[in-house]
Undergrad: 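Please read through the structure below; I'll follow up with questions.
The sequence lines fix the lettering, A, B, ..., with proteins before strands; numbering per chain opens at 1. This one's a predicted model, so the numbers in the text were calculated from it and none came from an experiment.
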Protein chains: 6
Amino acid sequence: MTPQIPDLLVEPIVRMALAEDLGRAGDLTSQACVPEAARLSVSWTARRPGVLSGLSCARLALHALAPEARFETLVHDGDPVDPGQILARAEAPARAVLSAERTGLNLAGRLSGIATLTRAYVEAVAGTGAQITDTRKTTPGLRSLEKYAVRCGGGVNHRFGLDDAILIKDNHVAACGGVRPALERARVVAGHLVKVELEVDSLSQLAEALPLSPDVIMLDNFSLSDLREAVAMTAGRVTLEASGGVDLTTVRAIAETGVQVISVGALTHSSPSLDIGLDAV
Amino acid sequence: MTPQIPDLLVEPIVRMALAEDLGRAGDLTSQACVPEAARLSVSWTARRPGVLSGLSCARLALHALAPEARFETLVHDGDPVDPGQILARAEAPARAVLSAERTGLNLAGRLSGIATLTRAYVEAVAGTGAQITDTRKTTPGLRSLEKYAVRCGGGVNHRFGLDDAILIKDNHVAACGGVRPALERARVVAGHLVKVELEVDSLSQLAEALPLSPDVIMLDNFSLSDLREAVAMTAGRVTLEASGGVDLTTVRAIAETGVQVISVGALTHSSPSLDIGLDAV
Amino acid sequence: MTPQIPDLLVEPIVRMALAEDLGRAGDLTSQACVPEAARLSVSWTARRPGVLSGLSCARLALHALAPEARFETLVHDGDPVDPGQILARAEAPARAVLSAERTGLNLAGRLSGIATLTRAYVEAVAGTGAQITDTRKTTPGLRSLEKYAVRCGGGVNHRFGLDDAILIKDNHVAACGGVRPALERARVVAGHLVKVELEVDSLSQLAEALPLSPDVIMLDNFSLSDLREAVAMTAGRVTLEASGGVDLTTVRAIAETGVQVISVGALTHSSPSLDIGLDAV
Amino acid sequence: MTPQIPDLLVEPIVRMALAEDLGRAGDLTSQACVPEAARLSVSWTARRPGVLSGLSCARLALHALAPEARFETLVHDGDPVDPGQILARAEAPARAVLSAERTGLNLAGRLSGIATLTRAYVEAVAGTGAQITDTRKTTPGLRSLEKYAVRCGGGVNHRFGLDDAILIKDNHVAACGGVRPALERARVVAGHLVKVELEVDSLSQLAEALPLSPDVIMLDNFSLSDLREAVAMTAGRVTLEASGGVDLTTVRAIAETGVQVISVGALTHSSPSLDIGLDAV
Amino acid sequence: MTPQIPDLLVEPIVRMALAEDLGRAGDLTSQACVPEAARLSVSWTARRPGVLSGLSCARLALHALAPEARFETLVHDGDPVDPGQILARAEAPARAVLSAERTGLNLAGRLSGIATLTRAYVEAVAGTGAQITDTRKTTPGLRSLEKYAVRCGGGVNHRFGLDDAILIKDNHVAACGGVRPALERARVVAGHLVKVELEVDSLSQLAEALPLSPDVIMLDNFSLSDLREAVAMTAGRVTLEASGGVDLTTVRAIAETGVQVISVGALTHSSPSLDIGLDAV
Amino acid sequence: MTPQIPDLLVEPIVRMALAEDLGRAGDLTSQACVPEAARLSVSWTARRPGVLSGLSCARLALHALAPEARFETLVHDGDPVDPGQILARAEAPARAVLSAERTGLNLAGRLSGIATLTRAYVEAVAGTGAQITDTRKTTPGLRSLEKYAVRCGGGVNHRFGLDDAILIKDNHVAACGGVRPALERARVVAGHLVKVELEVDSLSQLAEALPLSPDVIMLDNFSLSDLREAVAMTAGRVTLEASGGVDLTTVRAIAETGVQVISVGALTHSSPSLDIGLDAV
C-alpha cells in the first residue's frame with residue numbers, strides 16, 4: 001500500500017513556507033527581471049540516488065502561486081530515483097515557477113532525504129524480520145510530514161506524540177515508585193486502544209517487567225549479547241524494540257539478535273537532504 | 001557582539017511545537033505515572049562537543065507549561081561546549097519538565113547542530129578573511145531560528161527571503177534578454193537600501209558583468225583556478241561570493257583564492273543535530 | 001489518578017471563546033454601567049447535582065481579562081457536586097468578572113454535563129467490570145476537552161482521531177475485498193504501537209474475525225443474546241466492545257453480557273449542560 | 001426568506017474540525033484498507049424526524065479533501081425531514097468520503113439538533129404571536145453556526161455577543177447605583193443603532209423601568225400571573241422578553257400571557273444531535 | 001464614562017504589528033549597536049495638539065518585548081493633549097524600547113489622529129444636539145481600534161459590521177421590489193435586538209418610508225433645505241441621520257437643521273496621524 | 001516594469017477583512033432583502049482623479065464570496081485615473097457583490113490614496129533625479145500592501161522592517177559610544193547583502209561620517225542650505241537621503257539641492273483615501 005498524506009495537512013505548511021520566503025515585498029528579482037506574461041516549462045530532476053518523498057510539496061507550492069499551472073507527476077513517493085531521473089514536469093507563469101522553486105525543493109529535498117536514509121536502514125536489515133521505526137526527534141511543525149517520509153522509506157512509525165501511546169521511562173518509574181505501579185497506573189489511563197511501552201536498561205529490569213506484560217519493551221542501549229539474551233528471555237511474549245547506539249554499521253547485527261523493532265533517531269534529526277534540482281526545459 | 005533573537009520570534013514556534021507533541025490528550029505517560037505535586041531538578045548537558053544555539057527554546061518550552069519554573073542559563077548561545085558540560089539547570093513540576101523535554105531538545109539540538117557545523121567552516125577558513133554564509137535552504141517555518149544559529153556559529157547571513165535582496169540567476173537573465181537589461185531593471189526595483197547580486201557561471205560572464213557594478217557577484221561552481229582568476233579580474237571592485245561544491249575538505253582552498261564570501265547550503269539543509277541530554281539531578 | 005489537561009491546550013480555546021463573545025466593541029454593558037475601578041467578589045455554584053469538569057476554563061477566562069485576579073478552586077474536576085455547593089471563589093475587577101462570566105460557564109457547564117452523564121453510565125455498570133468509552137462524535141474544536149470530561153466522569157477514551165488507532169468498518173472491508181485482507185493491510189500500516197479494531201455486524205463475522213486476532217472487536221448493534229454468545233465464543237482472547245443502541249436503560253444488561261467496553265456516542269453529542277451559576281458575594 | 005450563512009464563515013470551522021480529526025498521520029484505516037483509486041457513491045439520510053441545518057458542512061468537508069467531488073443537495077436547511085429521507089448525494093474518491101464523514105456528520109447533526117428543538121418550541125407557541133429566541137449559551141467557536149441553526153428552526157436571534165446590544169442585569173444595576181443611572185449611561189454608550197435591554201426580577205422593578213423606556217425588558221423567572229400583569233402594565237410600549245424556567249411543557253402558557261419574545265437557553269446548550277447517517281449506495 | 005477597549009482585543013494586533021516589523025532577523029540595528037544590558041528611560045510626547053487614543057498600544061508593544069518594563073501612563077485616552085505634553089514614561093532594556101518604538105507610535109498616532117479629527121467635528125456641532133458617528137470605511141483589521149478612537153473623540157459608533165444592524169440601501173430596495181417589502185423582510189430577519197435603518201435619496205422617498213417606521217432613516221446627500229424639510233416632516237418619530245458631503249466647513253449647518261446624527265467617513269478613512277514622539281530622558 | 005504583489009500576500013488580508021465585516025451573523029441586510037438567486041452587474045468607478053492601486057483587493061473579495069464571479073480588470077495598478085473612469089466590471093450573485101463591496105473599496109481606496117499622494121510627490125520632483133521613498137510609518141498589518149502602493153505611485157521603498165537594513169539613529173550612536181564604533185559594529189552584523197544607513201543631524205556629523213563610508217546617510221531636518229552644503233561635501237561618494245519637514249510645498253526645493261532620495265512619512269500615515277464607487281449597471 002503506497003503511503004499517503006492528505007493535501008489538507010501539507011498545504012498549510014507549504015503556504016506558510018511560501019509566505020516566509022516571500023516576506024513583505026514578494027520576489028523582488030522576478031518582479032524586476034521576469035515579464036509578467038512570460039511562461040516557463042521546467043522539470044524536477046534528482047541529482048543523487050535516493051527515495052522520493054514529498055513531491056506534492058512542489059506541486060502545492062506552484063499551485064499556491066499559479067492555480068492554473070500544469071503539473072505532471074512522473075515518479076511516486078516511495079519510489080527509488082536515479083541521478084538525472086525526471087521526477088515531475090510543469091508549465092506555468094515564469095514568475096510563479098521561480099518564486100515557488102525554493103519552497104518546493106526545501107520540503108521535497110528534506111523529506112526525500114529522510115526517506116532515503118530510512119530505506120538504507122530498511123535494506124540493511126532485509127530478511128531479518130526487524131522493522132525500522134522513527135522517534136519524536138523531528139523538526140518542530142513538520143512531524144506529520146517527516147513521519148510520512150519514514151513510511152515512504154519503508155519504515156514504520158513510532159508514536160506521533162505524547163498522547164497516542166504510553167512510553168514509561170526511568171524518570172516515570174522513579175516518580176511512580178517502581179515498574180509495577182507505573183505499569184498499573186498506565187493501564188488505567190490507557191484505555192483499550194492505547195498501547196503501553198516500557199523502557200528498560202538491563203536484563204534484570206527486563207526480568208522484572210516481563211510478567212507485567214506491557215505491549216512493548218524498549219531495550220535501551222543494550223549490548224548485542226544482552227539483546228540476544230533478552231530475546232531468549234522474552235520468547236515472543238512481548239514486542240521488543242532496540243534503541244540507542246544504532247547506525248548503519250551496527251543495525252544489521254542488532255536486527256539479527258531477533259528484536260522485532262529498531263528505533264533510529266537519526267532518520268529525522270540528522271538526515272541530509274536529497275539533492276533535487278529544477279531545470280528549465 | 002553576541003547574536004540575539006527576541007523571545008517574541010521564538011515563543012510562537014516553541015508553543016506550536018509543544019502543541020504538536022501534546023496532541024489531543026496531552027502527555028499520557030506523565031498523567032499516568034507522575035503525581036501532580038512531584039517536582040524535579042534537572043540539568044541540560046552536552047553529550048558531544050559543539051557550539052550552543054537555541055538554549056532559549058528549552059527555557060521557553062518549560063515556562064510554557066510551568067510559568068513559575070526556575071531556569072538558570074549557564075552557557076550562552078555562541079559558546080563552545082564540551083561533552084558533559086552542563087548548559088542550564090531547572091527546578092519545576094515534574095510533569096512539566098518531562099512533557100516539555102523533547103520540544104526543547106529538538107529545537108536546541110537542531111540549532112546547535114547548525115552552529116556547530118558553521119563554526120567548523122569558519123575555523124577552516126580562519127585567517128583568510130573569507131566569511132561563511134548560509135542560503136535559503138532552510139527548514140520551512142524555522143528560517144529565523146536557523147539563520148540565527150548560523151550567526152551563533154560565526155557565519156554571516158545571506159538574504160532572509162526573496163524580498164530583501166535581489167539575486168539574478170540564469171533563468172532571470174534569460175527572461176530579461178541579457179545581463180545588462182537584468183541589472184538595469186533590478187536597479188530600478190531595488191531602491192537605495194537593497195543590494196543586487198548577480199550569479200555568473202564563467203569568467204566570460206564575469207567580464208561582462210564587472211562594468212555593470214552589481215553589489216555582489218556569485219561565482220557558481222567555479223574551479224579554484226577560475227576563482228583565482230576572478231579575484232584578479234575583479235580587483236576588489238565588487239564583493240565576490242563563491243558557491244557550489246563547498247564542503248569541509250574544499251572550503252579552505254576556496255577561501256585562499258581571495259573571495260570574500262563562501263555560501264554553504266549544508267549548514268542548514270544537512271547538519272546533524274547536536275546531542276544534548278536532560279538529566280534528573 | 002486525577003484526570004488532567006494542560007492549560008496550554010485549554011487557554012487557546014478560552015481566548016478564542018472570549019474573543020468570539022467580546023466581538024468588535026467589547027462588553028458594551030460593562031463599559032456603560034460598571035465603573036473601571038469597581039471590584040467584585042463572586043462564587044461559582046452548582047445549581048444541579050453532577051460531576052465537575054473544566055473549572056479551569058472559568059479561571060483562565062477570568063485571568064485572560066484580569067491577570068491579577070484572585071481565583072480559589074474549592075472542588076476538583078472529577079468530584080461530584082451538590083446543588084448549592086460552591087465550586088470556586090474569585091475577587092477581581094468587576095468588568096473582567098462580568099465579561100468573562102459566560103465564556104467560563106459555557107465551557108465548564110458543557111464539560112461538566114459530559115462528566116455527569118458519563119458518571120451515570122459508569123455507575124449503571126458498577127461491579128460488572130465493563131468500561132464506558134466515548135466516540136468521535138464530539139464538538140468540532142473541543143475534542144480534547146470533551147474527551148477529558150469523559151475521563152473526569154470515570155470513562156476511558158476511545159481513539160482521539162482517525163490517526164491514533166485503526167477501526168475497520170464495513171465500507172473498509174468492502175473496499176479491501178474481505179476481513180482477512182483488511183486486517184492484514186491494517187497490520188502493515190499500524191506499526192507496533194497502534195491497535196487495530198474491527199467492527200462486526202453478526203456472530204458469523206465474529207467467527208471469521210477471531211482467528212485473525214485484531215486487538216479489539218466492536219460488536220455493532222448486537223442483541224443481548226448475541227452479545228452473550230460473542231463473549232462465550234471469544235473466551236477472552238480479544239477485547240470486545242459493544243456499540244449501538246446504548247442508553248441508560250439498556251447499558252447494565254449489556255455490561256452483564258461480559259463485554260469489556262461499551263461505547264456511548266451520547267456522552268458527547270447529546271449531553272445537556274450542567275447548570276452552574278455565578279453569584280456576587 | 002431562507003436563512004443563509006456564507007461558506008466563508010463555515011469553511012474555516014470545517015477545516016479546523018477535519019484537521020482535528022486527521023491528527024498527525026491522517027486516516028490510518030483508509031490508507032490501509034482503501035485503494036487510492038477507489039470511488040464511492042454515498043447518500044446522507046435522516047435517521048430520525050427533525051429539521052435540517054448545516055448540510056453545507058458535509059459538502060465543505062468533502063470538498064476540502066476532494067475538490068473535484070460531486071455533491072448534490074436534495075433538502076434545504078430549514079426544511080423538515082423524515083426518517084429515511086435522503087438529504088444529499090455524493091460521488092467521490094472513497095478515501096475522501098470516509099475521512100470526511102464524521103466531521104460533516106458531527107456538524108450537521110449538532111446544527112440540525114438545534115434546529116429541530118427550536119422548531120418544537122416555535123410550533124408549541126404557534127398562533128400566539130410570540131417569538132422564540134436563543135441566548136449566548138452556545139458552544140465556544142460555533143456561535144455563528146448555532147445561531148444560524150436557530151434561524152433554520154424558525155427562531156430569531158438574541159444578541160450575538162457582548163458588543164451588539166446592551167443587556168443590563170442585576171450586577172450592572174448594583175454597580176451603577178440603580179436602574180435609572182444604568183439606563184442613562186447605557187443610552188450614552190449605545191449610539192443610535194444599538195438597542196438597550198433591561199432585566200427585571202419583579203413587577204415593582206418593571207414599574208420603575210417602564211417610564212425610562214428601554215427598548216426591551218427581560219422578565220426573569222416571572223410566574224405566569226406576573227407575566228400577565230407585566231403585559232398589562234406595559235400595554236405594548238416596550239418589547240417584553242420572558243426568560244427562565246422555559247421548557248416544552250411551559251412555553252405555550254408563557255406565550256399566551258402576551259409576551260412578544262421567549263428566550264430558551266436549552267436550544268443551544270442542551271439539544272441532542274439529530275441522527276443523520278451516511279450510506280454507501 | 002471613559003471609553004475602554006480590553007487589552008485582549010488590542011494585544012494580538014500589537015503582537016502582529018511587532019512581528020511584521022521585526023521580520024525574520026529581528027532589529028538588526030539594535031543587535032549591532034546597543035549592548036544587551038543597556039537600559040533606557042524614555043517619554044512619549046505629543047508634538048501637535050490633539051486628542052489621545054491608543055496609548056495602551058505603546059505599553060503593550062513594550063511589554064511584549066520586555067515583560068518587566070516599567071510603564072507609567074500620564075494622560076488618559078480621550079484627553080486633549082498639547083504640544084510638548086508628556087503622555088507616558090517608561091524605563092526598560094534599551095533594545096526593547098527601540099525595537100518597539102515604531103509599532104507603538106504607528107498605532108497610537110493613527111488612533112489619536114482619528115480621535116482628534118472626531119473631536120473637531122464634535123466641537124463644531126456643540127450645542128446643536130447632533131451626534132457625530134463613523135462608518136465602515138475603516139482600516140482592515142483595525143475596525144475595533146478605530147471605532148474605539150471615534151469614541152475617544154466623543155463620537156458614537158455606527159454599526160460595527162454587516163451583522164449587527166440592518167442598513168437598507170438603493171440596491172437592496174431594487175432587489176426587493178420596493179421600500180415596503182424591503183422593510184418588511186428586514187423586520188423578520190432582524191429580531192427584537194437589531195435596529196433597521198433605511199437610506200433615502202429624496203423627500204418623496206422619505207415620505208414613503210415614514211409610515212413604515214424604520215428605527216433610523218439615513219438622508220443621503222440631502223441639501224440643507226431638504227434636511228430641514230425632512231426634520232419637519234419626521235417630527236421626531238424616527239431618528240434621522242445625515243450622510244454625504246460632510247466636512248468641517250459644512251457640518252455645523254447640517255447639525256443646525258435638526259438631524260440627530262451625522263455620519264462622517266473621513267473620521268477613519270482620511271484622518272492624518274497625530275504626531276507623537278519618543279524621547280530618551 | 002509594472003509593480004506587482006502576489007495574490008498569496010493579499011488574499012489572507014482580504015479574507016480577514018471580510019470576516020471582520022461579516023462578523024458572526026453575516027450580511028443581515030442582504031440576507032433579508034436580496035433573493036439568493038439574484039445576480040448583479042456592477043462597475044467600479046473613480047470618483048476623483050488619482051492613481052490606481054490595489055484593484056486586486058476588490059477582485060479577491062468578490063471571489064472569496066463567489067468563486068464563480070466574473071471580474072474584468074480595465075485599468076492596471078499604477079495607471080492614472082480620471083473621475084468617472086470605469087476601473088473594473090463584474091457580474092456575480094447580488095448578495096456576494098453587496099457583501100464584499102465595502103471590503104474591496106476600503107482596501108483599494110486606501111492603497112490608491114497612497115499611490116496618488118506618492119505620484120504627486122514624484123511629479124513635484126520630476127527632472128531633478130531625486131527619488132521619493134516611504135518610511136515604516138505604515139498601518140499595522142498592511143505594510144506589504146502600503147509599500148506596494150508607494151511603488152504604484154512611482155516611489156521606491158525604504159526598508160520593509162527592522163531586519164532588512166541597518167539604520168543607525170542618535171539613540172544607537174549614544175548607546176554605542178560614537179559614530180565610528182556604531183558603524184563598525186553594524187558592518188559586522190550586516191553581512192554582505194545588507195546596507196547600512198546612518199542618520200546625521202548636522203554638517204559636522206556628516207563630516208565625521210563620510211570617511212566611514214556608510215552606504216546611505218540620512219540628513220535629518222537639514223535646512224536647504226545645509227542640504228546643498230552636504231551634497232557638495234559628499235561629492236557622490238555616498239547616497240544622501242533627506243528626511244523631515246517634507247511636504248508638497250517644500251519637496252521640489254529639497255530635490256533641487258541634489259540629494260538622491262527624499263523620504264516622506266505622510267505617504268502612508270496621512271494620505272486620504274481615493275474615492276472609488278461601486279455602481280450597479
Undergrad: Do B/Glu241 and F/His192 have a side chain donor and acceptor closer than 3.5 Å?
TA: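 Short answer, yes.
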Undergrad: Under 6.0 Å from the CZ atom of F/Arg237, do we count more than 12 heavy atoms belonging to anything else shown?
TA: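 It does: F/Arg237 CZ has more than 12 such atoms within range.
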Undergrad: So which of B/Val156, B/Asp164, B/Val261 has the biggest tally of heavy-atom pairs under 4.5 Å with chain F?
TA: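 Between B/Val156, B/Asp164, B/Val261, the count favours B/Val261.
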Undergrad: Only pairs of heavy atoms separated by less than 4.5 Å count here; which of F/His158, F/Gln131, F/Glu197 has the most with chain B?
TA: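 Looking at each of F/His158, F/Gln131, F/Glu197 in turn, F/His158 comes out on top.
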Undergrad: Side chain, backbone, both or neither: which part of F/Val194 has a heavy atom under 4.5 Å from chain B?
TA: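 Contact with chain B is through the backbone of F/Val194 alone.
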Undergrad: Out of curiosity, F/Ile166 CD1 to B/Leu193 CG, how far, rounded to the nearest 0.5 Å?
TA: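 Taking CD1 in F/Ile166 and CG in B/Leu193, the distance rounds to 11.0 Å.
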